[in-house]
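Here is the structure we will look at.
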Amino acid sequence: MPERTDERLFEAYRDGDAEALRTIIDRHHDDLMRFLFRLCGDRQLAEDAFQDAFLQIHQSAGTFDTSRRFRPWLFTVAANKARDLMRKKGRRQMVPLSAPVRGGDSDGRTASFIDLMEVDVEGPGQRLDDQERDRLVQTAVDSLSPTLREILLLAYFQRLSYAQIADELGIPLGTVKSRLHAAVASFARAWKQASKVGGAGGSDAGSNTTEVSS
Amino acid sequence: MTPPSPINPDDQTLNPATGPLSALSPEDEAAFDALIDAGLDPDAVGDEHRPRALHVAMLLGLLDADPPGGRSLRVERAMAGVAGTGGSASEERLNELSDAASESFVMAGFDATRVPTSLSSRAHKLAGFGRALTTLGPDAERAIDEGRSARIDLVMTRLADSEMGDALAFPGAEGDGRGSFRMSDLVAAAAVLLLASAVLFPTLGAFRSERMQAACLVNGQRAAQAFGLYAGDYRESLPMATAGFGGGRSWMQVGTSPERSNSANLFTLVRTGHTGLETLACPGNDRAPTRLVAPDATDWNSLDEVSYSYRIMTPTHARVHALPARAVLMADRSPVILRVARGEAVSPEARSPNHGYRGQHLLRLDGTVEWTVEPVVEGDNIWLPRQIEQLIQTVRSRVGLVNGDELPTTADDAFLGP
């Protein structure tokens, strides 16, 4: 018998089948926790956001349109909860995702362009052990502005198209593109910096780079 | 200026793999010539040829493996100039090639193998970033995995609580304009409540204990963070308030002699502000305070208030590196110490009273928290020092259990058999 989709499970939950929600939670547990770990950079906040997200899902169950996909909704709700918790804890200043990429630079400096080919990304098991790699990635993620961090992680963890991201976040398609491009560039720059400081051997601009193994 | 669309490898007019440059269409040839004339600077190409020139420049950039300062960098700079004509930016931006790769990668459903060949290497970079972002280190993965069932149970319990809250909310109580209660409403509600309590009571009991256990797990995780922060602040030390034990002094004197009490060592985490008292209050211990009554408190007031047993700390072992990584640092309170303090007989294999004697959480030095049914970890009973464990083992092995040939010692020795 084919596995029930999230949307059908959620319908069943709304009809009173509590175990259906348990199945959904179990299905998304690992990815959602990884997402929240990365987004919050704090284990306890991630734990709290996980709990709050499902409570919110439960409370908003009646508003969910089951013709839409459940997973993006779950991750968006979780991101909102994480943002609330981080704001309460005063960890980070949050900017709306719809905020413009450009502008706001009063000193008139020009944009800094990143070419991905300049940045080494080592495959698992290469030089860095997993623990160190995780730490450096988190350092790079933490150095991003909250807005960029959020859209980068949402995009990577959900694997949605631009249109779907725009739809889920309720922001223009062009904004999604520019924001995601800026997020990738910032992460590339931050990763390069973090791996250089951490001894991972991020290459200098323009040097020969290692192709990432798939 | 609108960025160019990703390069299409099937575009016969621009794909160098399909033939020599002479195979380019006349328009592409013209653009290429214009680009060469402009010193490989697409920004300097006239409007008529600029879009195609940009595509050609992108191809050249991809094919070029010059070192820094070479042609590819010039092309990159040129394209950066083209793309940057909108003004200044306060954040990093991808260059055109990486931008196109990013777009193509997303359009391909985050599958780098489905991205056009010309952008493949950059798409693989993006895939590498994705793997780095979505893969956590072993510690984090272990924390996610080990807390899985408790975490899910806690969600379900909270939702069940929420359901109960909804069910018990009286209609109209929030002032929805439907009027006040009548006696018949109250009688009906009372009947429903009685029925509900009869049906739900066993379930709620189970929910409650699950919730307590899950909350205790969270306490353990918070305590792990607090220990970590403390060690960071105090040169890898573990909390220790006393000068050490020995010389006939008992570390069981909770509250009365903080300078001799091992619980005062654990209380140090609260005293130094590394965690709150509520973190060290297991919900399974209804005597545990969750708020400081005296701001200058240095210990709990009595043994009953202590929820968690802490490793008996000696100066020799009060450093992180002095203990094995998997050393048990803290656990739900010891049943053995409680009974000893009350002068009652002890069972070495008893489980913590915090969770109805069903088991106990352990916090290890490496920050992991786990649930164990038995108090024996890697062959070591966590409630007892090794010398007493060995003594008990010796007595048991020599004396043995009942063999079937024993008789009552005296008339008042109650001794029953099958």
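We name chains A, B, ... by the order of the sequence lines, and we start the count at 1 in each one. Values in this document were obtained by computation on a predicted structure and should not be read as measured data.
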Rounded distance (nearest 0.5 Å) linking atom [atom1] of [X] with atom [atom2] of [Y]:
X: A/Phe54; Y: B/Leu154; atom1: CZ; atom2: CG; answer: 12.0 Å
X: B/Ile144; Y: A/Arg34; atom1: CD1; atom2: CZ; answer: 5.5 Å
X: A/Phe37; Y: B/Asp139; atom1: CZ; atom2: CG; answer: 10.0 Å
X: B/Gln221; Y: A/Glu47; atom1: CD; atom2: CD; answer: 4.5 Å

Which atoms of A/Ala155 come close to chain B, meaning under 4.5 Å heavy atom to heavy atom: side chain ones, backbone ones, both, or neither?
-> both
Between A/Ala46 and chain B, which part of the residue has a heavy atom less than 4.5 Å away: side chain, backbone, both or neither?
-> neither
Close side-chain approach of [X] and [Y], heavy atoms under 4.5 Å:
X: A/Asp30; Y: B/Glu141; result: no
X: B/Arg148; Y: A/Met33; result: no
X: B/Val155; Y: A/His29; result: no
X: A/Ile25; Y: B/Met156; result: yes

Do you know the tightest heavy-atom contact between B/Gly367 and A/Arg43?
-> O-NH2, 3.5 Å
Does the distance from a Lys or Arg side-chain N to an Asp or Glu carboxylate O, for B/Arg222 and A/Asp42, drop under 4.0 Å?
-> no
Determine the option with the most heavy-atom pairs under 4.5 angstrom with chain B, choosing from A/Leu21, A/Val141, A/Asp26.
-> A/Asp26
